[in-house]
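The structure appears below as structure tokens.
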Amino acid sequence: MATPVFRFAPSPNGLLHLGHAYSALLNFDRVHEAGGRLLLRIEDIDATRCRPEYEAAIYEDLAWLGIVWETPVRRQSEHLADYRAALERLTALGLVYPAFESRAEIAKLVAARDADGSWPRDPDGAPLYPGDAKSLHGEERARLIDSGAPYALRLDTTAACRRVSGLTWNELGAGPDGEHGMVAARPEAWGDVILARKETPTSYHLSVVVDDAHQGVSEIVRGRDLFHATSVHRLLQALLDLPQPVYRHHALIRDAAGRKLSKSDRATGLRELRAAGTSPAAIRQLVGLG
Ligand code: GLU
């Protein structure tokens with residue numbers, strides 16, 4: 001049997017906190033249990049928010065926790081050509097269209113359609129894309145592109161779901177409502193997600209799917225906040241003929257008030273805890289790994 005491959009995939013847009021420690025340690029423990037390999041991936045496509053000093057801090061904090069990963073580390077910013085190629089495949093299938101509305105225009109359209117509060121929202125609570133860029137005439141599209149207008153490249157999710165229906169995944173952990181085992185993917189709940197922008201040939205969804213396949217990741221251990229995003233990932237995997245990993249979504253570590261941890265909250269930052277004399281073994285205890 002092939003060696004199972006795991007990955008921890010933080011974004012270097014802040015310092016790691018207890019929630020990251022939990023996710024990284026769970027991956028590390030699974031690697032040992034399964035006799036697998038652990039990869040580290042730096043998800044740094046958002047150039048406006050990612051910083052080299054945060055990437056350096058990720059290596060330092062993970063090593064301090066006792067986590068060992070394979071090198072070289074994959075940094076997404078170095079693989080834009082891979083994402084562009086995947087985007088071109090989806091475009092060739094006729095499943096991608098440019099949408100030119102600004103954020104403010106989108107907010108206005110939503111407000112107009114949501115007068116009675118019935119405009120659908122995605123699993124994260126954001127309104128679905130309300131525009132009709134999908135039906136723009138070719139000439140108008142070409143004119144807008146030639147004018148240099150900014151745009152987002154969106155997936156025609158309805159058409160995509162027609163091509164590959166009945167998608168599922170094997171959930172070894174649990175979703176927010178206790179979903180476990182074979183789960184039905186519902187990508188249509190996300191509407192026409194953004195796959196790329198004029199200046200950036202990728203998005204979180206596209207790069208995560210391309211990278212997991214490229215790196216041969218077989219079991220994805222990550223926070224439950226990404227459970228519903230898995231529906232989009234399964235759709236992209238099916239459209240791009242990529243292998244299907246199994247997923248293990250884990251509970252999120254919360255602060256004393258029950259809120260999701262944030263990178264700006266100092267009380268739960270690994271740096272602060274370390275400076276205050278907390279040991280790696282105590283971090284394990286704090287996240288309930290004993
Ligand atoms: N980069 C994402 C994050 O830091 C995780 C992506 C994933 O595990 O799929 O939240």
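The structure displayed is predicted, hence computed values, not measured ones. Order of listing sets the numbers, starting from 1, for every ligand and every atom in it.
- Checked for salt-bridge contact, E140 and R143 meet the test: a charged N lies under 4.0 Å from a carboxylate O.
- Those atoms of ligand 1 that come under 4.0 Å of a heavy atom in V208, given as number and element, are 9 (O).
- A salt bridge does not link R163 with D156: none of the charged nitrogens is closer than 4.0 Å to a carboxylate oxygen.
- Between K263 and ligand 1, no N or O atom pair is found at a separation short of 3.5 Å.
- Distance check: I67 CD1 to D29 CG gives 8.5 Å after rounding to the nearest 0.5 Å.
- Within the 4.0 Å heavy-atom cutoff, F8 does not count among the residues contacting ligand 1.
- A donor-acceptor contact shorter than 3.5 Å is absent between the side chain of D177 and the backbone of E179.
- In this structure, atom 1 (N) of ligand 1 has protein heavy atoms in its sub-4.0 angstrom surroundings.
- No donor-acceptor pair closer than 3.5 Å links the side chain of R186 to the backbone N or O of S231.
- Heavy-atom proximity to S11, at under 4.0 Å, picks out these atoms of ligand 1: 1 (N), 4 (O).
- At the shortest separation from atom 7 (C) of ligand 1 among protein heavy atoms lies R7 NH1, 3.3 Å.
- Here the heavy atom of the protein found nearest to atom 6 (C) of ligand 1 is E43 OE1, 3.3 Å.
- Remark: minimum distance from atom 5 (C) of ligand 1 to any protein heavy atom is reached at A9 O, 3.4 Å.
- A salt bridge is defined here as a Lys NZ or Arg NE, NH1 or NH2 lying under 4.0 Å from an Asp or Glu carboxylate O, and D241 with R89 meets this definition.
- The 12-atom threshold is not exceeded at CZ of R49, counting heavy atoms of other residues, nucleotides or ligands nearer than 6.0 Å.
- Using a 4.0 Å cut-off between heavy atoms, L226 contacts ligand 1 through its side chain alone, with no backbone atom that close.
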